[in-house]
Amino acid sequence: MSLSIGVPREVFPGEKRVATVPDVVEKLIKLGFKVSIESGAGERANFNDDAYRAAGAEIAADAAALWASSDIVLKVRGPSTEEVGLLREGGTLISFIWPAQNPELMQQMAARKATVLAIDSLPRQLSRAQKMDALTSTAGISGYRAVIEAANAFGRFFNGQMTAAGKVPPAKVFIAGAGVAGLAAIGTAANLGAIVRANDTRAEVADQVKSLGGEFVKVDYEEEGSGGGGYAKVMSEGFQQAQREMYAKQAREADIIITTALIPGKPAPKLITAEMVKSMKAGSVIVDMAGEQGGNCELTEPGKAVVKHGVTIIGYTDLPSRLARQASMLYANNLLRLTEELCKTKDGVINVNMEDDAIRGLTVIKDGEITWPPPPLKLAAPPAARPVAAPTPAAKKASGHGKKGEPMSPKAMSIVFAAGALLFWLIGAYAPGAFLGHLTVFVLACFVGYMVVWNVTPSLHTPLMSVTNAVSSIIAIGALVQIAPPLAEGVSRPGEIIRWLAVVSLALATINMFGGFAVTRRMLEMFRK
C-alpha cells in the first residue's frame, strides 16, 4: 500500500518557504506516493493551491487534517511543540532539525515513536550525497541574497564608473569565510563590479576565491583550518589573534563586510569587534549571515538591520526566505532526491536503510529510538603515492642538469644546438626540395601550435583541446584525395586497399571533427549566463 506525503504550511515567524513545489509533486506521484498540501502552504513562495491541484496533489483544509492523514511529513523548519503533538505516532518526518541544538525537540519526537530524518545531518563527505545536500543549496542562496541586501543598504554603485559628473570608485567588499555561502557572495559581488577580498581558515579555498574574481587575503600565521564534513575547525588562540589583526585592517579599508563564519552546534565566533565597526567609513555596511547563532559581529542584532557608528549592520535570519520561490524549488529537489533514495522500488513505500551511509547519517530518530550522532564514516583511504626513484648520476649527466626545474647548462645547450644544426644540414644536402618544403611547414605548424596552447588560460584548456582535436582531423582532405578519381590522364589511381582505408579514415575523421566541436560547445555553454 502506497504511503501519503503531507506538506504543511510553515509556522516559524517570517518563514516563507515551502517544502515542495508543483513540479516536484508530479515526480513524487510517479514514485507511487499520494501527496497532500495544506491550503495556502505555498502562497508566500508564489505557489497557489490551484498549481498544486493541477500537479495532482490534494489540498488539506487545515494543519490538523494534513498531519493526521500523512504517513510522511516534509517540512523546511523543525516542528514546533504543537506540530509534534500533531505528528502521527510511528510517522516519518523529514526537515531541518539541528539535533545538537534541539535536544528537547528530539525527546518530544522520540516519544511519538517517530522516524526523523534531519536534512542538516547529511554526511556531506559522500559524493553521491551532493544531490540531497540542502545545506549547500540554501547557503548558496543566502550568500547571493547577502550581497543584494548589502547593495540595497549601500549608498553607491558596486562597479567603478567614469561619468560626465565625475568618477565613481568601485566598492571594496571583504567576505569573511569562503564556504558555499561565501563563494556565492564572492561571485555575486565580483559580477556587480566590486573589488572583492576574502579570507578563510582553509588555505585550499584560495584558488576557488581567485577563480570567482576575488583576492584571497591570507592570515600571517601558519595553521591548517580544515575540519570534518567540509566545515572549518576552531583555530588556536595564536591564529585568532593574527586573524583579528587582519580583520581590523580590512575593516578600515572595506566598504562592505559580509561574514559567514559558523560551525554547526557552536555559537558564532566573534570576528568583527565594536572597535572595528567604529573604524569603518561612514555609510559602510556589514551583513552578518551568522545572526541566528548570535552573529559574527559584536553589534549585530539578530533579525534586524541597525545603524551603529554610521555603519549599517544587517543581521537578518531569513535570507533564504527572501528568495522564497527559488529556495523552495531547490529544497524541494533535494527532498525529491532523498525520497528517490528511500523509495528505490517506486511503489510509494520508503525503506530507511540503516546500512546505507547517507541514510544512516540523516536518520536521527528511528522508530522512536534516538540514533544521533551516527557512527563515524568509514571512508576509503587515498591510494599511497608511488615512491619516485632518484635519478642516477649517469642520467643526470645525460640530461645536462642535476635537479628538476634547473636550466640546461651552457655546454649541454651548445651540444643540442650543434646536433640540431648538423641534422638540418644533412636533410638540406640530401633530401629532395619537396620534402624540405613539407618539413618547413611541419616545423612551423608545431611551433605555432605550441605557442598558441602555451598562452591559453588554463581554465580553457579542455575546450581548446576538443577544438584542436577537431581541427587535427584535416586528414579528411588527404582521404578525399585518395578516394577521388584522378584529374589528369596518365595519373595512376590508388589501389583498392588504399581507397577503402581512405574511406574508413574519412568516416572516423568526420566523427572526430563533429564530436570535437559538439563537446566544445557543451563545455562553453556551462560558463555562459
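Model, not experiment: these values are computed from the prediction. Scope of the values below: all heavy atoms of this structure, side chains included, with no hydrogens, waters or symmetry mates.
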Derivation of the side chain to side chain contact (heavy atoms under 4.5 Å, CB included) call for Glu82 and Val11: CA-CA 10 Å; Glu82 291 76 14; Val11 298; over 6 Å; no
Does the pair Thr201 and Gln243 meet the rule for a side chain to side chain contact (heavy atoms under 4.5 Å, CB included), with working shown? CA-CA 9 Å; Thr201 57; Gln243 187 181 53; 3.9 Å; yes
Audit row: Glu104, Thr81, side chain to side chain contact (heavy atoms under 4.5 Å, CB included) steps and yes/no: CA-CA 10 Å; Glu104 293 183 4; Thr81 301; over 6 Å; no
Apply the test side chain to side chain contact (heavy atoms under 4.5 Å, CB included) to residues Gln101 and Asp120: give CA-CA distance (whole Å), side-chain angles for both, the deciding distance (0.1 Å), then the verdict. CA-CA 12 Å; Gln101 292 95 316; Asp120 48 88; over 6 Å; no
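Taking 4.5 Å as the limit, every side-chain heavy atom of Phe47 sits out of range of all side-chain heavy atoms of Ile37. Side chains of Thr136 and Gln130 form no contact here, defined as non-hydrogen atoms less than 4.5 Å apart. Considering only heavy atoms from C-beta on, Ile257 comes within 4.5 Å of Met280 through its side chain. Looking only at side-chain heavy atoms (C-beta outward), Pro269 and Asn296 come within less than 4.5 Å of each other. With a 4.5 Å cut-off on side-chain heavy atoms, Ser137 and Asn334 count as touching. Side-chain contact between Ile359 and Leu338 is present, with at least one heavy-atom pair separated by less than 4.5 Å. Looking at Ser121 and Pro374, their side chains never come closer than 4.5 Å, going by heavy atoms from C-beta outward. Using a 4.5 Å cut-off on side-chain heavy atoms (C-beta onward), Leu262 and Glu292 make no contact.
Using modelled atom types, one side-chain atom of Thr260 and one backbone atom of Ala176 make a donor-acceptor pair closer than 3.5 Å. Checking side-chain atoms of Glu83 against main-chain N and O of Ser80 turns up a donor-acceptor pair under 3.5 Å. Checked by atom type and distance alone, the side chain of Lys75 never pairs as donor or acceptor with a backbone atom of Ile94 at under 3.5 Å. Side chain of Thr273 to main chain of Met276: a donor-acceptor pair is present (N/O by atom type, distance under 3.5 Å, no hydrogens or angles). Judged by distance alone, with hydrogens and angles left aside, the side-chain atoms of Ser142 form no donor-acceptor pair with the main-chain N or O of Ala181 at under 3.5 Å. Judged purely by atom type and a 3.5 angstrom limit, Thr259 has no side-chain atom pairing as donor or acceptor with the backbone of Ala261. Between the side chain of Arg197 and the main chain of Val217, no donor-acceptor pair closer than 3.5 Å is present. A distance-only check finds no donor-acceptor pair linking the side chain of Asp288 to the backbone of Ile258 [under 3.5 Å]. Put simply, the side chain of Glu10 never gets that close to the backbone of Arg17: no donor and acceptor are under 3.5 Å apart.
Taking each heavy atom of Ala254 and Ser284 in turn, the nearest pair found is O-OG, 3.8 Å. Of all heavy-atom pairs spanning Ala129 and Pro123, the tightest one is CB-O, 3.7 Å. Nearest heavy atom pair, residue Trp372 against residue Ala100, reads CH2-CB, 3.6 Å. Scanning both residues, Ile186 and Ala198, for their nearest heavy atoms gives CD1-CB, 3.6 Å. A pairwise comparison of heavy atoms in Val180 and Arg124 identifies CG2-NH2, 4.1 Å as the closest pair. Between Ala268 and Ala290, the shortest heavy-atom contact is CB-CB, 3.7 Å.
Rounding to the nearest 0.5 Å gives a distance of 10.0 Å between CG of Leu342 and CD of Glu340. Here the CD-CD1 distance, from Gln326 to Ile141, works out to 5.5 Å after rounding to the nearest 0.5 Å. Here the straight-line distance linking atom CG of Asn46 with atom OG of Ser328 works out to 9.5 Å at 0.5 Å rounding. Atoms NZ and CD, from Lys172 and Glu215 in turn, are 10.5 Å apart once rounded to the nearest 0.5 Å. Between the CG atom of Asn333 and the OG1 atom of Thr20 there is a distance of 8.5 Å, given to the nearest 0.5 Å. Taking CG from Asn191 and CG from Asn159, the interatomic distance works out to 11.5 Å, rounded to the nearest 0.5 Å.
When the ring pair (Phe, Tyr, Trp, His ring centres under 6.0 Å) test is applied to Tyr247, the partners found at least two apart in sequence or on another chain are Phe174. For Leu299, the side-chain contact (heavy atoms from CB on, under 4.5 Å) partners two or more places apart in sequence, or in a different chain, are Ala274, Val277, Cys297, Lys308, His309, Ile313.
A salt bridge links Arg128 with Glu341: at least one charged nitrogen is closer than 4.0 Å to a carboxylate oxygen. Ionic pairing of Arg322 and Asp318 is present here: one or more N-O contacts between side-chain nitrogen and carboxylate oxygen are shorter than 4.0 angstrom. Look at Arg53 and Asp50 and you find a salt bridge, because one of the NZ, NE, NH1 or NH2 atoms lies within 4.0 Å of a carboxylate O, short of that distance. Taking the charged nitrogens against the carboxylate oxygens, Arg145 and Glu149 do have a contact shorter than 4.0 Å, which makes a salt bridge.
No more than 12 heavy atoms of other residues, nucleotides or ligands lie within 6.0 Å of OH in Tyr144, so this atom counts as exposed by the packing criterion. Residue Phe157 qualifies as open at atom CZ: its count of foreign heavy atoms under 6.0 Å is 12 or below. Remark: Lys218 NZ is loosely packed, at most 12 non-hydrogen atoms of other residues, nucleotides or ligands lying under 6.0 Å away. By the 6.0 Å contact criterion, NZ on Lys304 is open, its count of non-hydrogen atoms from other residues, nucleotides or ligands being 12 or less.
Checked against Val285 for a side-chain contact (heavy atoms from CB on, under 4.5 Å), the options Val307, Val311, Ile256 give a single hit: Ile256.
Using the six-membered ring where Trp is involved, Trp98 and Phe96 have ring planes that are parallel, under 30° apart on the 30 and 60° scheme.
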